[in-house]
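The structure displayed is predicted, hence computed values, not measured ones. Reckoned from all heavy atoms, side chains included, excluding hydrogens, waters and symmetry mates. To find a chain, count down the sequence lines: A is the first, B the second, and so on, and within it residues start at 1.
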Amino acid sequence: MIRMPRLSLDLPAIEVTDLRKRYGQVEALAGLTMSVGRGEVFGFLGANGAGKTTTVKLLLGLARPTAGTGKVLGAPLGDLATRRKVGYLPELFRYQPWLKAREVLTLHAELMGMPRARRKAAAGEALGIVGLQERADDLVGGFSKGMQQRLGLATALLGDPALVVLDEPTSALDPVGRVDVRGIVRGAADRGAAVFLNSHLLSEVEQVCDRVAILDHGRVVASGNLDDVLGRAETQIRVTGLSASDLPAIERFGPPSLTDDMLAIRPMDAVAVPDLVATLVSMGARVHEVRSGRMSLEQRFLDLVARDRPPPGTPSATRLR
Amino acid sequence: MITIAKLTIGEAARRRVLWVLVGLAAVAIALTAWGVSSLVSTARDDGVSDLEIKFVVSQILIFIAFMFGFVLVMTAASFGSPAIASDLETGVAQAMLARPLTRSSYLLGRWLGLAIVLVAYSTAMGLLAIGVVGLVSGYIPPDPILPVAYLAGQALVLLSLTILLSTRLPAIAGGAIAVVAYGLAWMAGVIGKIGLAMGATSLVTVAEASRYILPTDALWQGVVFGLEPSFVINAVEDEFARSSPFFADSPPPIGLVIWSVLWVALVLALAVSQLRRREL
């Protein structure tokens with residue numbers, strides 16, 4: 001039997017196993033295992049100090065792991081040649097203030113090893129994606145924080161990288177900018193890039209990511225696609241005139257449970273809600289309120305991350321990590 | 001490394017500080033030319049011999065070299081101390097080091113760019129000063145390239161030291177430490193010369209050791225020797241006059257000059273190793 005070599009395109013963009021990082025007495029990352037596929041937008045969530053930026057630095061070779069192994073685009077962590085195919089927007093985004101926006105991008109293109117003939121066009125393209133083409137010849141020192149973050153996003157997208165690592169990409173952007181970034185991120189994924197989105201803005205992650213991992217105290221406490229992490233949609237109906245004996249008649253919508261006057265069917269797709277209401281009314285029940293949806297990422301995040309924390313205001317509620 | 005060196009040269013050229021320094025040096029050279037010209041014409045009117053005028057002008061040149069050397073050292077410290085530290089503090093370095101750029105290429109590129117700027121600045125201003133003084137007084141040192149090269153060497157030593165400190169310390173701290181170290185090395189050189197005149201071997205030993213720890217004073221000896229006319233060297237016989245930091249009867253030993261080059265290489269190797277070990 002001929003064994004075919006595994007194509008690099010089949011390999012995950014990121015694959016880490018039991019990755020650990022310790023800074024003195026502080027364990028910033030305590031055994032991270034995860035995989036991010038090509039063409040996927042992966043949301044990496046966590047409170048401040050959970051270990052998100054440490055993970056990014058380990059993936060990019062800016063810091064060395066204390067233990068564990070990992071691969072980025074099929075090469076070991078920190079591999080120099082692989083960085084040609086990785087775009088990065090740092091959390092602390094600062095670029096040479098004395099350079100023009102276009103020059104920052106041509107500098108990064110040169111550092112990537114892009115042929116000279118392609119640099120100017122690639123820079124213009126990246127500036128166009130983030131909406132900075134009008135400011136291409138302005139000095140970065142005169143840019144607002146939001147514009148500098150857009151410029152950082154342009155450097156991350158420069159040259160169509162196979163992996164884009166974005167560390168808090170909308171922290172300095174206004175609501176319009178945030179919507180733009182969602183489109184840009186999806187666009188990169190549609191072009192086949194894996195996007196590793198490090199954020200604590202949960203609504204942003206919920207709207208753009210295919211899969212998420214929630215990090216707490218350096219450990220992944222939940223991961224998977226949004227359905228896995230959030231659970232499937234459910235329907236809750238405040239209803240009177242319904243008894244437990246009526247429940248078998250509505251089991252075709254999903255497993256029902258009735259507590260006082262609150263009927264819950266979990267899981268249940270929202271598209272079936274009108275039929276369920278019609279059935280309940282035909283059974284003689286009176287419907288007062290209908291709520292359909294699933295737990296928000298914020299609720300789930302708080303459940304996972306804040307459950308072992310003291311209430312705010314108590315001295316130990318302040319995290320120093 | 002070349003990309004970073006080009007970037008660093010571009011940064012220096014676009015920032016005002018370099019042009020301010022060039023402007024100030026040009027003003028200083030113009031004032032020196034005027035002063036030397038006035039002095040020489042007054043001296044000639046008073047019947048002072050050409051030899052005496054040469055002597056005075058050579059001493060003025062040595063004093064100017066001392067002042068210019070100090071400006072160069074300060075410039076090297078102010079360019080070198082933030083070169084790595086500020087880039088790391090602001091995050092500019094992290095964005096570049098996430099590219100296929102090794103930390104050694106980044107650091108050596110920063111050093112090379114600043115070294116080119118400093119050597120170009122010291123050569124241009126040094127030769128201009130010597131040339132202008134020569135034009136108005138008729139005195140040109142025996143080998144004008146030599147003192148300028150030693151001045152540039154001093155700046156490169158300080159630049160290397162501040163780059164090393166910059167890998168671990170904030171810019172202000174690194175710059176201050178480097179300038180103080182330069183001052184101490186200069187003072188050790190003066191004390192060593194006094195020790196030699198007095199026959200105090202322990203002082204001479206300390207001064208010799210300091211020349212290996214930070215070889216700026218050895219290079220200063222080269223500057224003075226390069227500007228000193230040979231008749232002055234032969235004429236000064238008094239031991240204490242010969243112990244002046246503004247007098248040198250010989251160039252620095254070739255071993256010390258080679259050591260200065262090696263010192264720069266070793267300090268840069270140490271700086272690369274420090275930066276490699278640093279968590280970004």
Side-chain angles (χ1 to χ4, degrees), chain A residues 21-24 28 53-54 56-66 72 75 78-100 103-114 116 139-141 148 151-152 155-156 158-159 161 163 165 167, chain B residues 1-21 78-79 82-110 112-114 117 166-168 170-171 272-280:
Chain A
K21 182 64 185 176
R22 181 174 274 283
Y23 293 104
T53 296
T54 297
V56 166
K57 288 182 175 180
L58 293 177
L59 293 175
L60 294 166
L62 294 174
R64 279 176 290 275
T66 311
V72 170
D79 181 69
L80 212 59
T82 305
R83 295 189 203 169
R84 288 176 197 271
K85 295 174 276 182
V86 179
Y88 170 47
L89 166 66
E91 182 184 21
L92 191 61
F93 49 88
R94 278 288 296 276
Y95 299 91
Q96 290 79 357
W98 50 274
L99 284 180
K100 295 171 184 171
E103 290 172 332
V104 169
L105 289 169
T106 50
L107 166 68
H108 278 259
E110 189 175 348
L111 291 173
M112 287 167 76
M114 192 183 283
R116 183 186 291 270
L139 288 179
V140 175
Q148 290 208 27
L151 177 64
T155 64
L158 185 68
L163 171 64
V165 178
D167 199 350
Chain B
M1 184 168 85
I2 300 300
T3 304
I4 300 298
K6 282 192 297 183
L7 180 76
T8 306
I9 293 169
E11 181 182 8
R14 281 200 197 174
R15 290 201 158 164
R16 287 189 196 132
V17 61
L18 181 68
W19 302 112
V20 169
L21 285 170
S78 66
F79 279 11
I84 308 293
S86 292
D87 274 9
L88 290 175
E89 279 165 25
T90 57
V92 166
Q94 284 85 337
M96 291 193 289
L97 289 169
R99 298 291 182 193
L101 172 71
T102 60
R103 295 188 188 189
S104 56
S105 295
Y106 164 68
L107 184 138
L108 294 175
R110 291 295 265 163
L112 181 62
L114 291 175
V117 170
S166 183
T167 60
R168 287 283 162 180
V272 166
S273 144
Q274 288 295 316
L275 187 62
R276 276 190 185 145
R277 276 192 275 165
R278 184 166 169 170
E279 300 278 4
L280 300 181

Student: Between B:W19 and B:A13 (side chain of the first, backbone of the second, donor and acceptor by atom type, cut-off under 3.5 Å), is there such a pair?
Tutor: yes
Student: With sequence neighbours excluded, what pairs up with A:R84 under the side-chain hydrogen bond (donor to acceptor under 3.5 Å, both in side chains) test?
Tutor: none
Student: Taking B:R99 for its side chain and A:L111 for its backbone only, find out whether a donor-acceptor pair lies under 3.5 Å.
Tutor: no
Student: Quick one: does A:L92's side chain get under 4.5 Å of B:Q94's, heavy atoms only?
Tutor: no
Student: With a 4.5 angstrom heavy-atom cut-off, could you sort out which part of A:P161 is near chain B: side chain, backbone, both or neither?
Tutor: neither
Student: Run the side-chain hydrogen bond (donor to acceptor under 3.5 Å, both in side chains) test against B:R15 and tell me which residues pass, sequence neighbours left out.
Tutor: B:E11
Student: Decide yes or no for A:F93 and A:L151: does some side-chain heavy atom of the first lie under 4.5 Å from some side-chain heavy atom of the second?
Tutor: no
Student: With a 4.5 angstrom heavy-atom cut-off, which part of A:L139 approaches chain B: side chain, backbone, both or neither?
Tutor: side chain
Student: By a 4.5 Å heavy-atom criterion (distance strictly below it), what part of A:T155 contacts chain B: side chain, backbone, both, or neither?
Tutor: both
Student: Go through the atoms of A:E91 and report whether side chain, backbone, both or neither lie under 4.5 Å from a heavy atom of chain B.
Tutor: neither
Student: Taking C-beta and beyond as the side chain, do A:K57 and B:L280 meet within less than 4.5 Å on heavy atoms?
Tutor: no
Student: Hey, which residues of residues 84-91 of chain B are touching chain A, say heavy atoms under 4.5 Å apart?
Tutor: B:E89, B:T90, B:G91
Student: For B:L97, is there any backbone N or O sitting under 3.5 Å from a side-chain donor or acceptor partner on A:R83?
Tutor: yes
Student: In terms of heavy-atom proximity below 4.5 Å to chain B, should A:L99 be classed as side chain, backbone, both, or neither?
Tutor: both
Student: Any sub-3.5 Å donor-acceptor pair from A:T66's side-chain atoms to A:R22's backbone N or O?
Tutor: yes
Student: Could you tell me which portion of A:K85 (side chain, backbone, both or neither) has an atom closer than 4.5 angstrom to a non-hydrogen atom of chain B?
Tutor: neither
Student: Less than 4.5 Å apart, any side-chain heavy atom of A:V104 and any of A:H108?
Tutor: yes
Student: Output yes when a side-chain donor or acceptor of A:K21 lies under 3.5 Å from a complementary backbone atom of A:R64, and no otherwise.
Tutor: yes
Student: Under 4.5 Å between any side-chain heavy atoms of A:D79 and A:V72, yes or no?
Tutor: no
Student: How would you list, in number order, the residues of residues 101-109 of chain B that have a heavy atom less than 4.5 Å from chain A?
Tutor: B:L101, B:T102, B:R103
